Amino acid sequence: MNGTGFVFGWIKIIESVALVAIVLLALGVMVRLIELRYVLRHLGAIFALAIFFILLPVIISALWASMTVCQHAGTLLLAAIIALLAFGRMTR
């Protein structure tokens, strides 16, 4: 899959999740679980997260493209160490 197809698919997933969140927010307002004064705050949070997650692959790919091979290796090594520590393989 090329980069454009990945970004298009990623945007569709984020769009679907944001739409579900907006529908749940509307249902919460209808059954009075969420007060009307908090609706704009929740909508702002939904839109901010959606924009952040849409821009995330662009930011990561731009950072990765600007790195040297040694920096790639160091980043992958650091990610592997963090993953091993997170899953408890190196902790004793």
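Predicted, not measured: the structure shown is a model, and the values here were computed from it.
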Please tabulate, for side-chain N and O atoms in residues 52-59, each donor-acceptor pair with protein atoms closer than 3.5 Å (sequence neighbours left out).
none

Going hydrophobic residue to hydrophobic residue with side-chain gaps under 4.5 angstrom, can you get from V39 over to L19? no

Connected via hydrophobic side-chain network under 4.5 Å: L36 and I46: yes

Consider only side-chain heavy atoms of I, L, V, M, F, W and Y, link residues closer than 4.5 Å, and tell whether L77 and L85 are in one cluster. yes

Do I22 and I14 share a hydrophobic cluster (ILVMFWY, side-chain heavy atoms under 4.5 Å, transitive)? no

Close side-chain approach of Y38 and L25, heavy atoms under 4.5 Å: no

Joint hydrophobic cluster, V29 plus L24, side-chain heavy atoms closer than 4.5 Å: no

Mind checking side-chain contact (heavy atoms from CB on, under 4.5 Å) for T68 and listing every partner two or more places apart, or none if nothing turns up? C70, Q71

